[in-house]
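To start, the structure under review is shown below, and the notes come after it.
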There are 2 protein chains.
Amino acid sequence: MTAKAPRPVPTLEDVARLAGVSTATVSRCLNTPDRVVKSTRDRVMSAVEQLGYAPNFGARALAAKRTNTIGAIIPTMENAIFARGLQAFQEELGLHGMTLLVASSSYSEDVEREQIRTLCARGADALLLIGHHRSQGTLDFLEARSVPVLVAWVYDPAKPQPSIGFDNRAAMREMAELVIAKGHRRIGVISAPCDSNDRASERLLGIREAMAAHGLPADAMALHETPYSIENGAAAFRQVMDNSDPPTAVMCGNDVLAVGALRAARRMGLSVPGDVSITGFDDIELAQLVDPPLTTVHVPHRDMGRMAAKLLVQQLNGKGPMASIRLDTYLCDRETLGIAPR
Amino acid sequence: MTAKAPRPVPTLEDVARLAGVSTATVSRCLNTPDRVVKSTRDRVMSAVEQLGYAPNFGARALAAKRTNTIGAIIPTMENAIFARGLQAFQEELGLHGMTLLVASSSYSEDVEREQIRTLCARGADALLLIGHHRSQGTLDFLEARSVPVLVAWVYDPAKPQPSIGFDNRAAMREMAELVIAKGHRRIGVISAPCDSNDRASERLLGIREAMAAHGLPADAMALHETPYSIENGAAAFRQVMDNSDPPTAVMCGNDVLAVGALRAARRMGLSVPGDVSITGFDDIELAQLVDPPLTTVHVPHRDMGRMAAKLLVQQLNGKGPMASIRLDTYLCDRETLGIAPR
DNA sequence: CGATACCATGCAAGCGCTTACACTTGTGCT
DNA sequence: AGCACAAGTGTAAGCGCTTGCATGGTATCG
């Protein structure tokens with residue numbers, strides 16, 4: 001345990017020597033087995049087994065200039081927002097023999113830039129990124145290295161980068177329409193910080209649009225921005241309601257915030273949706289678990305992940321450039337949205 | 001966009017040429033900046049910037065035989081069990097300039113073996129693994145490559161591999177003692193499948209020990225094994241309760257199962273803890289969010305993650321071998337455990 | 001039966017980086 | 001002035017792998 005490697009990690013050459021063939025043959029056994037005759041292959045494989053050989057990834061990438069790895073950078077792993085989509089993404093990649101490398105940026109543009117560099121350096125053949133907000137420098141870097149990039153969780157065919165996702169603005173507008181239709185006129189909004197988060201800002205815009213369409217003045221909206229977390233959602237809810245004329249409905253930028261709001265409401269002795277309505281966005285598992293179950297916008301995370309993987313794989317196999325794809329969301333009108341109280 | 005890389009990824013040499021120095025100097029600027037005089041360094045750095053250069057990780061690993069990367073293989077990313085611990089692990093690693101590479105094994109020994117190989121091939125300097133159950137072949141492989149390994153989520157100083165974690169058996173026994181003290185005599189148990197999961201089997205053992213210590217016959221326990229998921233927890237609960245003489249308390253191997261059980265209970269019209277008590281394990285965030293909040297065993301996930309990182313970093317810096325560390329758990333007696341009904 | 005084609009394999013040139021060692025200066029000492 | 005020494009930089013040898021090309025052997029064909 002103290003001493004250095006007694007058997008200092010077997011290399012291709014060790015395998016070749018043991019099997020009595022050249023390194024080229026061993027390499028071929030591992031990569032294109034059908035180009036090697038069975039008898040030789042068996043000999044090589046048993047040498048591999050015997051030595052406990054595992055190819056050095058770096059060396060392989062260096063020589064082959066392909067890693068079969070796709071990088072993904074998500075804003076956070078803390079909550080479940082991206083988990084399901086990423087899981088599906090990974091599964092689909094696995095089907096095509098590719099591996100996923102995940103990094104998280106903590107919603108910071110700078111961290112994301114670093115992560116992008118890191119993943120590229122690690123030889124990611126392509127990248128999955130969330131949202132469009134990104135500095136020109138980063139864009140240039142990606143362009144210069146000509147790494148295929150797919151942007152997910154948003155849909156915007158106008159951007160040069162292909163994207164797969166949904167129309168955050170329209171989805172949230174639809175929810176806002178419903179809220180307004182239920183008679184709510186004073187609307188609280190708890191959103192993630194909008195700078196450098198186009199999903200959040202688009203969703204907010206959706207609410208504004210619906211309100212404007214129904215002649216509600218801009219100041220009928222009480223907005224509070226806070227990072228995604230249950231605690232923050234609860235705190236924001238308290239602040240939004242701390243008003244002589246509090247909103248009758250609080251729309252949250254995602255389910256995590258909404259669950260926090262819901263909890264705060266209960267602690268404050270408010271009945272939901274009797275006293276105040278609360279809505280979410282994403283439809284994560286938690287949305288159905290809370291009591292009452294959350295009215296929210298369902299996002300097809302699994303489909304998005306799966307299709308993202310397919311697009312990327314296609315592109316890597318030279319099947320032409322990617323086109324943006326728009327997926328549909330739909331309202332899950334569960335039990336936290338009710339008629340506005342008088 | 002259609003054409004191949006117009007500027008085909010800058011290399012060290014390109015930077016060197018542009019800056020008018022040798023590749024060695026550029027390399028030193030990047031790795032040991034203080035060994036290069038400032039004027040040169042500035043010139044090099046601006047060349048790096050101008051070219052958008054990012055060192056090729058594979059090449060670097062190949063040449064330096066160190067990657068500053070630590071691999072972790074967790075059974076699942078699906079639920080939050082490992083999320084918090086891993087997050088803390090990553091944060092601490094970041095403080096020491098190391099990167100984390102995560103893979104998940106889906107609770108499969110075979111997948112885990114593959115992942116171990118993959119991470120080693122990728123040059124992981126050390127590995128964080130969950131639990132001790134592992135085939136001899138895998139152990140030999142690790143031994144042969146002399147990759148430092150730290151086992152987490154369990155504590156067992158008797159094993160050759162160092163571990164950091166808690167005594168799953170004692171923790172669960174303590175919970176079982178409490179359940180028995182509350183008068184429960186017929187106990188349902190919902191556990192993860194115990195083969196190749198020593199955390200699950202130890203927890204189960206803890207319950208058995210407590211029952212034996214109080215003279216409860218083995219058949220007073222109704223056991224149901226099922227993989228961790230809320231749905232499975234609910235289904236298992238229905239089965240466990242489907243009995244002419246159902247248990248008065250159901251102990252779950254973790255919180256995810258317990259939340260499922262709780263939901264099933266509510267759907268069956270049972271009051272918790274009036275009609276039946278339910279306990280969990282882990283104290284994930286969800287445990288406090290459900291209604292009523294879950295009685296469970298608190299596990300110091302963040303501490304565990306942080307200390308795991310420290311141990312590994314120490315070891316890599318040659319500060320001697322790692323010693324196993326035991327952390328304390330404690331009971332969170334919230335509201336789902338009550339006095340046994342008559 | 002010789003020519004042709006093809007298949008399995010070996011040879012050897014890198015892939016982009018680090019680092020031991022060599023070299024060139026500039027400094028402080030005698 | 002002459003020396004040892006240190007600091008800054010360059011030279012070049014690999015790290016472990018893939019792959020284009022060369023080679024020799026066997027099957028196929030007229």
Side-chain angles (χ1 to χ4, degrees), chain A residues 5 7-45 47-48 51-69 117-118 120-125 145, chain B residues 5 7-45 47-48 51-69 117-118 120-125 145:
Chain A
R7 210 195 317 165
V9 183
T11 72
L12 239 212
E13 205 179 329
D14 298 328
V15 177
R17 198 175 314 119
L18 181 60
V21 296
S22 75
T23 60
T25 301
V26 179
S27 172
R28 280 188 279 257
C29 277
L30 267 25
N31 299 302
T32 51
D34 35 316
R35 301 182 59 77
V36 175
V37 91
K38 182 160 189 326
S39 59
T40 315
R41 202 189 325 147
D42 289 347
R43 205 146 30 93
V44 170
M45 284 319 197
V48 165
L51 258 33
Y53 170 78
N56 178 313
F57 184 81
R60 174 178 278 193
L62 197 54
K65 297 165 170 300
R66 197 181 206 249
T67 59
N68 288 320
T69 296
R117 284 183 173 246
T118 305
C120 285
R122 276 208 141 79
D125 292 333
R145 309 203 35 140
Chain B
R7 211 195 316 164
V9 183
T11 72
L12 238 212
E13 205 178 329
D14 298 328
V15 177
R17 198 175 314 118
L18 180 60
V21 297
S22 74
T23 61
T25 300
V26 178
S27 172
R28 280 189 281 257
C29 278
L30 268 26
N31 299 302
T32 51
D34 36 316
R35 302 181 58 76
V36 176
V37 91
K38 182 157 189 329
S39 60
T40 315
R41 201 188 329 144
D42 289 347
R43 205 147 28 94
V44 169
M45 285 318 199
V48 165
L51 258 33
Y53 169 78
N56 178 312
F57 183 82
R60 175 178 278 193
L62 197 54
K65 295 163 172 297
R66 198 181 205 248
T67 59
N68 287 321
T69 296
R117 284 185 172 243
T118 304
C120 285
R122 274 207 143 77
D125 292 333
R145 308 201 40 137

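Naming: A, B, ... by sequence-line order, numbering from 1 per chain.
- You'll find the side chain of V21(A) reaches within 4.5 Å of the side chain of T40(A), heavy atoms only.
- If V37(B) and L62(B) are placed on DNA chain D by their nearest nucleotide, the residue sitting closer to the 5' end is V37(B).
- Side-chain N/O atoms of S22(B) include none lying less than 4.0 angstrom from OP1 or OP2 on dT11(D).
- Within residues 53-60 of chain B, no residue has a heavy atom under 4.0 Å from DNA chain D.
- Checking the phosphate oxygens (OP1, OP2) of dC17(D), no side-chain nitrogen or oxygen of S27(A) falls inside 4.0 Å.
- Considering only heavy atoms from C-beta on, L18(B) stays 4.5 Å or farther from V15(B) through its side chain.
- For D125(A) (side chain) and R66(A) (main-chain N/O), no donor-acceptor pair under 3.5 Å exists by modelled atom type.
- Under 4.0 angstrom from either OP1 or OP2 of dG14(D) there lies no side-chain N or O belonging to K65(B).
- Projected onto DNA chain D by closest heavy-atom contact, A64(B) and R43(B) fall at different nucleotides, the more 5' of which corresponds to R43(B).
- The side chain of T23(A) contributes no N or O atom lying less than 4.0 Å from OP1 or OP2 of dC11(C).
- For the pair T69(A)/R122(B), a side-chain contact is recorded, criterion being any heavy-atom separation below 4.5 Å from C-beta on.
- Nucleic acid contact class of A24(A) (heavy atoms, under 4.0 Å, all strands): base.
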